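One structure below.
This one's a predicted model, so the numbers in the text were calculated from it and none came from an experiment.
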Amino acid sequence: MNELKKMLTFLKKGDYKPVYFLMGDEPFYIDHITNFISNHVISEDEKDFNQIVLYGKDVNVNEIMSQARQYPFMGERMLVIVKEAQDLSRSIEQFSEYFKSVQPTTILVFCYKYKSLDKRKALYKTLEKSEFAEIFESNKLKDYQIETWVKSYINEQNLEAEPKAISMIVEFLGNDLSKIVNELEKIKIVLKENKVITADLIEENIGISKEYNNFELINAIAYRNEPKAFNIAKYFALNTKNNPFVVTIALLYNFFSKLLQYHGVVYKNAGANPVDISKSIGVNQYGLKDYQAASKLYPMRKVSENIAAIREADLKSKGVNANAMSHDDLLKELLIKLFR
């Protein structure tokens, strides 16, 4: 994210603004910036008397402004961090008053998670125009961007990872960046000298089977490897806690929906290059080969039938015309329909 890099560049130079308003539905970046500011703005020795942490549910906007207008005690700066600031959403517009008298020796950080300010209202416009403030909007990554993000993060740690290891991480941990980073930190502790994250390491330390997981199930379906798919389904039946049906059904639906898009893109744009196709259907280029292979084994009509079968299985899993079928039996029945 260019905006994140730009902000961190200024922060590393010690070029601070009196107000940082961090908002959006991706908490990872908000925490990352907040932690950086907390670790660099004032020394550890000063934190007891020049750093104040407030919580939105416990204070009001006037109290925050009052704290921010205090002078630092025997130091150059005071740091005020407002966590869970989203709890102030009904009254946050009142903060515009602060810009009538900004305290330049205070750095005030709002952690406004899972929400964003209304850009039509006065506070956002004030923050945007003020030389004393910096706004950062932290947006969730799209599903197709996660693998690229994981690979980039691993490279930033001066590590490498097998493509399969990256896919396992994404498939198991989804788009929760904080969880992904926490798990990768665990992996770093046990890494050998070659500094390569392998599928074996993922299996041993995160608890994801490198052979029996949704990634491998979809791979088996994509290449019509029926024995492999039914073996994975059997494993899932013995390990239902770690392989919930609702996750499997969602990933299968996502795969065939994208395969349908792939057919459409190729049909309309014969000869389209892989980069354009990847962007059109929202997958990375590494994963595109699976869709290319699957498109030859599942024509468009069969893909549509499979999507209908997945929707039917989803309804049955919720008790609609299920006749008390277990999730294990539903998955086996679904696989039969997908292959036939």
Side-chain angles (χ1 to χ4, degrees), residues 143 147 161-174 197-263 266 281 283-317 321-340:
D143 288 343
E147 281 200 22
E162 295 176 349
K164 184 174 181 179
I166 293 175
S167 295
M168 288 170 67
I169 291 169
V170 173
E171 187 269 320
F172 190 75
L173 301 177
I197 299 173
T198 64
D200 288 333
L201 280 172
I202 298 298
E203 182 176 31
E204 292 167 7
N205 295 281
I206 301 183
I208 312 170
S209 170
K210 65 178 179 180
E211 296 180 3
Y212 300 101
N213 56 65
N214 283 309
F215 170 75
E216 290 298 330
L217 176 62
I218 291 173
N219 179 271
I221 293 170
Y223 291 89
R224 293 192 77 98
N225 187 336
E226 295 187 35
K228 180 179 177 181
F230 281 100
N231 279 336
I232 293 172
K234 184 178 179 180
Y235 176 85
F236 282 8
L238 299 173
N239 299 273
T240 55
K241 184 177 179 180
N242 294 326
N243 302 280
F245 184 75
V246 64
V247 174
T248 300
I249 205 80
L251 291 170
L252 287 172
Y253 180 82
N254 183 62
F255 173 76
F256 279 104
S257 295
K258 289 187 183 300
L259 183 56
L260 189 63
Q261 293 176 48
Y262 178 89
H263 274 296
V266 173
I281 69 174
V283 300
N284 61 57
Q285 286 181 259
Y286 170 75
L288 187 64
K289 68 181 190 303
D290 294 337
Y291 291 91
Q292 291 171 328
S295 68
K296 298 174 183 177
L297 300 171
Y298 300 92
M300 188 176 286
R301 182 174 180 178
K302 177 56 178 170
V303 174
S304 297
E305 291 174 356
N306 283 354
I307 290 174
I310 292 168
R311 285 174 172 164
E312 181 185 12
D314 182 45
L315 288 174
K316 285 184 177 181
S317 73
N321 300 321
N323 296 321
M325 288 181 69
S326 69
H327 285 180
D328 306 330
D329 290 334
L330 281 174
L331 180 56
K332 292 172 185 175
E333 180 186 74
L334 175 59
L335 289 177
I336 292 170
K337 291 180 179 179
L338 296 180
F339 286 126
R340 299 296 182 261

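- Glu305 and Arg340 are not joined by a salt bridge, as no carboxylate oxygen comes within less than 4.0 angstrom of a charged side-chain nitrogen.
- Here the CD1-CD distance, from Ile336 to Glu226, works out to 9.0 Å after rounding to the nearest 0.5 Å.
- The shortest side-chain heavy-atom distance between Leu330 and Glu333 falls under the 4.5 Å cut-off.
- Here the closest heavy-atom approach between residue Leu297 and residue Ala222 is recorded as CD1-O, 3.4 Å.
- Ser209 approaches Glu203 most closely through the heavy-atom pair CA-OE2, 3.7 Å.
- Partners of Tyr298 under the ring-ring contact (aromatic ring centres under 6.0 Å, His included) rule, at least two apart in sequence or in another chain, are Phe256.
- Among all heavy-atom pairs drawn from Glu312 and Lys337, the shortest one is OE1-NZ, 3.1 Å.
- Residue Ile202 holds its CD1 atom at 9.0 Å from CD of Glu162, rounded to the nearest 0.5 Å.
- Atom CG of Asn225 is separated from atom CZ of Phe230 by 11.0 Å, given to the nearest 0.5 angstrom.
- No side-chain heavy atom of Leu251 sits under 4.5 Å from any side-chain heavy atom of Leu217.
- Of all heavy-atom pairs spanning Leu335 and Ala233, the tightest one is CD1-CB, 3.7 Å.
- Checked by atom type and distance alone, the side chain of Asp314 never pairs as donor or acceptor with a backbone atom of Ile310 at under 3.5 Å.
- Here the side chains of Asn214 and Phe236 are in contact, with some heavy-atom distance below 4.5 Å.
- Residues Arg301 and His263 fail the side-chain proximity criterion, which asks for heavy atoms closer than 4.5 Å.
- For the pair Leu260 and Met300, the minimum side-chain heavy-atom distance is below 4.5 Å.
- Taken to the nearest 0.5 Å, the CG atom of Asn306 stands 8.5 Å off from the CD1 atom of Ile221.
- The NZ atom of Lys164 sits 4.0 Å away from the CD atom of Glu216 when rounded to the nearest 0.5 Å.
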- Run the numbers on Ile232 and Phe215 for side chain to side chain contact (heavy atoms under 4.5 Å, CB included), then give the verdict. CA-CA 10 Å; Ile232 293 172; Phe215 170 75; over 6 Å; no
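- Ile281 places a side-chain heavy atom less than 4.5 Å from the side chain of Leu288.
- Every side-chain contact (heavy atoms from CB on, under 4.5 Å) that Asp290 has, sequence neighbours left out, goes to Asn219, Tyr223.
- How far NZ of Lys332 is from OG of Ser326: 7.5 Å, rounded to the nearest 0.5 Å.
- Within a 6.0 Å radius of NZ in Lys234, other residues, nucleotides and ligands contribute 12 heavy atoms or fewer.
- Closest non-hydrogen pair, Ser295 versus Leu259, comes out as N-CD1, 3.8 Å.
- With sequence neighbours excluded, the residues forming a side-chain contact (heavy atoms from CB on, under 4.5 Å) with Ser257 are Tyr253, Ile307, listed by chain and number.
- Taking each heavy atom of Val246 and Ile249 in turn, the nearest pair found is O-CG2, 3.2 Å.
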